[in-house]
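Just so it is clear: chains get the letters A, B, ... in the order the sequence lines come, proteins before strands, and each one is counted from 1. The figures that follow rest on heavy atoms only: side chains count, while hydrogens, waters and symmetry mates do not.
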There are 2 protein chains.
Amino acid sequence: MNLQSWFDTLQANGYRLTEARRAVVKSIASAPAALNPLQVYDQTRPLCPGLGLVTVYRTLEKLEELSLIQRVHQPGGCNAYLPSPQGHQHLLLCRSCGKAEYFEGDNLEELVNTVAAQRGYSIQEHWLQLFGLCADCQRK
Amino acid sequence: MNLQSWFDTLQANGYRLTEARRAVVKSIASAPAALNPLQVYDQTRPLCPGLGLVTVYRTLEKLEELSLIQRVHQPGGCNAYLPSPQGHQHLLLCRSCGKAEYFEGDNLEELVNTVAAQRGYSIQEHWLQLFGLCADCQRK
DNA sequence: TTACTTGCAAACGTTTTGCACGATT
DNA sequence: AATCGTGCAAAACGTTTGCAAGTAA
């Protein structure tokens, strides 16, 4: 997903393309790991001096509303964001460096159906996340 | 898991058994849905008048440290707690009434191995949660 | 030109901390 | 008797809101 499509989506939904928004989008889209608001702020200020933390919050809010980014849930906190997955993908997170990747290959249908039948639930959604060490961090 | 075993675990770890702790444990252990600190406070005060919210926070901290309770991650927030699962179980959550249940029957090994091999990760843990409607809420 | 966006300061709700008193062991 | 636990008040923290000035369309 390239930057331009993020900008297009923002504009298509009536949001203006400002320097601050371009810069925040660049930071998030290029980050290998999920970033919380303060980290976005710190990473973006070099690209956009004078940027305020409030603007980061408001931009994150809009990006999330447009499903361009997604909140990531981790034991250490749930206020970090990542670009949304393309289609049906799940998260693979490195516990050492924080690197985040998406993967496909979701064969959960049988499991979900079994649980639904046993418990009488109708399942609408599932969350699956894998935690471990990436190749780089295993070497160290 | 009965109340007594919670009390035993607390004492075995050097924590004293006070009225406040007993009452908080009772509230959480008997709740059908995950409770946040304020909800624990409101549900527990009838059992223990004079209880302070601070004590709730401090008790939750200890119960989590002893793995008696666990934080639940949901789109609406991640500050609610549930008794920890017995062994390897995953969460099934009703989006209407909030009811929380654990289920077993986790056949994720193949999927996890495939992803690990493809991406070069060593996987240490996985999170799986199902969201839907429980039988009661489907009828409404 | 109009409406949206920004940064600042202040407000807000949640969580944590310091402390003297009280309770458990 | 010694230590741990409690509630209160205050502080700290992350996030949200009001507003006047600035900017994109």
Side-chain angles (χ1 to χ4, degrees), chain A residues 4 6-28 34-66 68-69 71-81, chain B residues 4 6-28 34-66 68-69 71-81:
Chain A
Q4 191 54 51
W6 292 57
F7 298 154
D8 292 346
T9 302
L10 278 165
Q11 281 198 312
N13 287 83
Y15 294 120
R16 292 182 180 173
L17 229 68
T18 65
E19 191 196 347
R21 286 182 183 158
R22 288 177 203 269
V24 167
V25 164
K26 266 185 210 166
S27 293
I28 298 184
L35 302 176
N36 64 35
L38 197 56
Q39 291 172 320
V40 172
Y41 179 68
D42 289 337
Q43 291 219 184
T44 311
R45 268 180 81 84
L47 312 176
C48 179
L51 173 72
L53 181 56
V54 178
T55 299
V56 171
Y57 275 99
R58 289 193 273 227
T59 303
L60 291 173
E61 185 183 35
K62 283 161 187 59
L63 295 175
E64 187 175 24
E65 171 204 327
L66 299 176
L68 290 170
I69 61 172
R71 200 178 279 263
V72 175
H73 295 262
Q74 290 186 261
C78 307
N79 51 353
Y81 293 86
Chain B
Q4 192 53 50
W6 293 56
F7 299 154
D8 292 346
T9 303
L10 279 165
Q11 280 197 313
N13 288 83
Y15 293 120
R16 293 182 179 173
L17 231 74
T18 65
E19 192 196 346
R21 287 183 181 156
R22 288 176 203 269
V24 167
V25 164
K26 267 186 209 167
S27 292
I28 297 183
L35 302 176
N36 64 36
L38 198 55
Q39 291 172 320
V40 172
Y41 178 69
D42 289 336
Q43 289 218 178
T44 311
R45 269 180 80 84
L47 312 177
C48 179
L51 174 72
L53 181 55
V54 178
T55 299
V56 172
Y57 276 98
R58 290 194 271 226
T59 303
L60 291 173
E61 187 182 32
K62 283 162 187 59
L63 295 175
E64 187 176 23
E65 172 204 326
L66 300 177
L68 289 170
I69 62 172
R71 200 176 278 265
V72 175
H73 295 261
Q74 290 188 261
C78 307
N79 51 352
Y81 294 85

Need one value for [X]: base, sugar-phosphate or nothing, where a base atom within 4.0 Å counts as base even if backbone is also close, heavy atoms only.
X: A:Glu61; answer: nothing
X: B:Leu38; answer: nothing
X: B:Arg58; answer: base

Ranking D:dT6, C:dT25, C:dT15 by distance to the side chain of B:Arg16, first place goes to C:dT25

Using whole Å, what does the distance between atom [atom2] of nucleotide [N] and atom [atom1] of [X] come to?
X: A:Leu63; N: C:dT5; atom1: CG; atom2: P; answer: 12 Å
X: B:Asp8; N: C:dT25; atom1: CG; atom2: P; answer: 12 Å
X: B:Leu60; N: C:dT16; atom1: CG; atom2: C1'; answer: 14 Å
X: A:Asn13; N: D:dA24; atom1: CG; atom2: P; answer: 20 Å
X: B:Asn36; N: C:dT14; atom1: CG; atom2: C1'; answer: 10 Å
X: B:Gln39; N: C:dT15; atom1: CD; atom2: P; answer: 11 Å
X: B:Arg21; N: D:dC4; atom1: CZ; atom2: P; answer: 11 Å
X: A:Lys62; N: D:dT16; atom1: NZ; atom2: P; answer: 11 Å

Side-chain donor/acceptor of B:Arg21 to backbone N/O of B:Arg16, under 3.5 Å: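 Yes; at least one donor-acceptor contact below 3.5 Å.
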
Test item: A:Asn36 side-chain N/O and A:Leu38 main-chain N/O as donor-acceptor pair under 3.5 Å: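 Yes, because the side chain of A:Asn36 sits within donor-acceptor range (under 3.5 Å) of the backbone of A:Leu38.
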
Any chance you could measure [X], atom [atom1], to [Y], atom [atom2], to the nearest 0.5 Å?
X: A:Arg45; Y: A:Ser27; atom1: CZ; atom2: OG; answer: 12.5 Å
X: A:Lys62; Y: A:Leu68; atom1: NZ; atom2: CG; answer: 13.0 Å
X: A:Glu64; Y: A:Thr59; atom1: CD; atom2: OG1; answer: 12.5 Å

I want to check one thing: is the phosphate of [N], taken as OP1 and OP2, less than 4.0 Å away from some side-chain N or O of [X]?
X: B:Gln11; N: C:dT25; value: yes
X: A:Asn79; N: D:dG14; value: no
X: A:Thr18; N: C:dT6; value: yes

Can you work out whether A:Val54 or B:Leu53 has the more 5'-proximal nearest nucleotide on DNA chain D? B:Leu53

5′-ward residue of the pair B:Glu19/A:Leu51 relative to DNA chain C: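 Final value for this comparison: A:Leu51.
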
Nearest-nucleotide comparison on DNA chain C, the residue closer to the 5′ end among B:Arg22 and A:Leu17: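 Whichever sits nearer the 5' end wins; that is A:Leu17.
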
